[in-house]
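Scroll down for the structure; my scribbles are underneath it.
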Amino acid sequence: MDIKTLCIHGTTGNLDPTGAVSVPIYQSATFAHPGVGASTGYDYTRVQNPTREQLEKTVAALENGLEALAFSSGMSAIACLMELFGPGDHIVASDDLYGGSVRYFNAISQKNGLSLDFVDTSDTAAVEACLKPETKAVFIETPTNPMMQVTDIAAVARLIRSRDILLIVDNTFLTPYFQRPLELGADIVVHSGTKYLGGHNDTLAGFLVTGRAELCEKLRFINKTVGSCLAPFDSWLILRGIKTLAVRMERQQENALQLAQWLRGHKKVTAVHYVGLPEHPGYQVSVRQSTGFGAMISFETTDEETAKGVLERVRVIRYAESLGGVESLITYPILQTHADIPEAQRDAKGIGNRLLRLSVGLEALDDLKADLDNALGG
Ligand SMILES: *Cc1c(COP(=O)(O)O)cnc(C)c1O
């Protein structure tokens with residue numbers, strides 16, 4: 001089935017006995033048993049709930065996985081994921097990750113006895129150089145946040161195939177509509193469903209998706225034990241968001257490409273990082289492994305005052321953290337998403353005081369251009 005249809009109907013369609021076209025919100029914490037030792041298939045909502053189950057099946061189908069698990073946020077998905085590992089285990093991670101993931105790894109995973117190496121995973125040889133006998137996983141984002149580095153997923157998968165190392169890909173930026181890491185050899189896909197999957201800046205959610213039965217089982221056990229599951233109403237909101245994922249991704253990407261090209265010619269802009277520009281270093285790999293470039297842009301202004309002025313002067317675009325929704329949002333990574341990254345690490349990646357990150361929404365292109373032009377000071 002085409003992914004556009006899967007977004008709307010999931011794999012099985014909605015089989016509610018009433019014929020309700022929208023999946024009902026089963027707002028029940030618990031489910032009565034039909035007899036001793038018998039179950040309707042639902043016992044307690046921390047373990048499973050019909051609305052959440054429909055969402056999980058839909059996300060699993062979109063990623064071409066066996067199962068998906070829905071969490072109360074992207075970070076709670078990552079926290080559950082990291083419970084697969086224990087003291088002494090070593091993880092190799094991209095050196096340009098979402099700031100919250102870096103905070104989790106440095107503050108929580110290290111305290112729990114894990115060691116981490118952050119490396120430019122777009123350089124497969126650099127990943128190989130970091131591998132140790134105790135390495136248990138490689139954790140990548142592609143494209144990265146905010147510098148838009150692209151990692152060759154299949155190349156990293158080939159590198160670690162013969163060793164007992166999991167390849168984990170945070171697929172938040174491109175979504176399964178543009179990129180399906182499991183098909184490229186990844187073992188687990190991570191999502192912040194708060195972003196494009198939900199798509200409306202109104203709900204927090206997270207996902208883990210895998211194609212391997214033993215990983216599904218382990219993750220389900222951790223999830224039911226820890227209890228960071230997604231609520232029925234929030235599950236319904238994300239299901240509703242996913243129905244329009246295909247059209248949103250197409251249109252937001254179109255807006256982003258046009259804006260990136262326009263920004264490149266703007267006199268107050270010195271650099272534009274957008275994977276869909278042919279001069280972007282990750283362009284060729286993207287064309288090979290993804291069917292689109294997404295709608296995230298970062299760009300550098302001539303000076304710090306201009307960058308700060310943009311944040312103060314935008315009107316259509318909102319100055320807010322987060323991304324992936326129908327509303328265009330602009331952020332200042334150095335003060336927001338990446339404030340907790342050590343300064344030396346930020347500088348090494350080029351995350352300075354002239355860098356802005358733009359999540360391009362669904363507004364009319366001309367309004368976005370006029371807004372940015374005014375905010376950049378003409
Ligand atoms: C937002 C984000 C997260 C964290 O997700 P939350 O839903 O905010 O907890 C993880 N990874 C990426 C790439 C993100 O953009």
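In each ligand, atom 1 is the first atom listed, and ligand 1 is the first ligand listed. Being a predicted model, the structure only gives us computed values, none of them experimental.
- The nearest heavy-atom contact from the protein to atom 6 (P) of ligand 1 is Gly74 N, 3.3 Å.
- Met75 N, 2.8 Å is the protein heavy atom nearest to atom 9 (O) of ligand 1.
- Atoms CG and CG, from Leu197 and Leu237 in turn, are 13.0 Å apart once rounded to the nearest 0.5 Å.
- With 3.5 Å as the limit, one finds a donor-acceptor pair spanning the side chains of Glu363 and Ser328.
- By the 3.5 Å distance cut-off applied to N or O atoms, Ile78 is not counted among the residues near ligand 1.
- At a 3.5 angstrom cut-off on N or O pairs, Ser192 counts as close to ligand 1.
- With hydrogens and angles ignored, the 3.5 Å screen pairs a side-chain donor or acceptor of Asp371 with a backbone N or O of Val316.
- Residues Glu56 and Arg220 are paired through a salt bridge, judged by an N-O separation under 4.0 Å between the basic side chain and the carboxylate.
- In terms of polar-atom proximity, defined here as any N/O pair under 3.5 Å, Thr194 does make such a contact with ligand 1.
- Nearest-residue assignment for atom 11 (N) of ligand 1 (options Val190, Asp170, Leu204; heavy-atom criterion): Asp170.
- Taking each of Glu141, Lys195, His191 in turn, the one with a heavy atom nearest to atom 15 (O) of ligand 1 proves to be Lys195.
- A salt bridge between Glu304 and Lys308 is present, with a side-chain N of the basic residue lying under 4.0 Å from a carboxylate O of the acidic one.
- Of the candidates Phe71, Phe207, Tyr98, it is Tyr98 that places a heavy atom closest to atom 10 (C) of ligand 1.
- In terms of hydrophobic clustering, with Ile, Leu, Val, Met, Phe, Trp and Tyr side chains grouped at heavy-atom distances under 4.5 Å, Ile91 and Ile160 are assigned to different clusters.
- The closest approach between a heavy atom of Leu97 and any atom of ligand 1 is not below 4.0 Å.
- At a 4.0 Å heavy-atom cut-off, ligand 1 does not touch Ser322 at all.
- The ligand atoms of ligand 1 that sit less than 4.0 angstrom from a heavy atom of Ala205 are 7 (O).
- Of the N or O atoms in Ser101, none lie within a sub-3.5 Å distance of an N or O in ligand 1.
- Under the 4.5 Å side-chain contact rule for hydrophobic residues, Ile188 and Val226 share a cluster.
- For ligand 1, the polar-atom distance check against Leu323 finds no nitrogen or oxygen pair separated by under 3.5 Å.
- The closest side-chain donor-acceptor pair between Thr270 and Arg354 falls under 3.5 angstrom.
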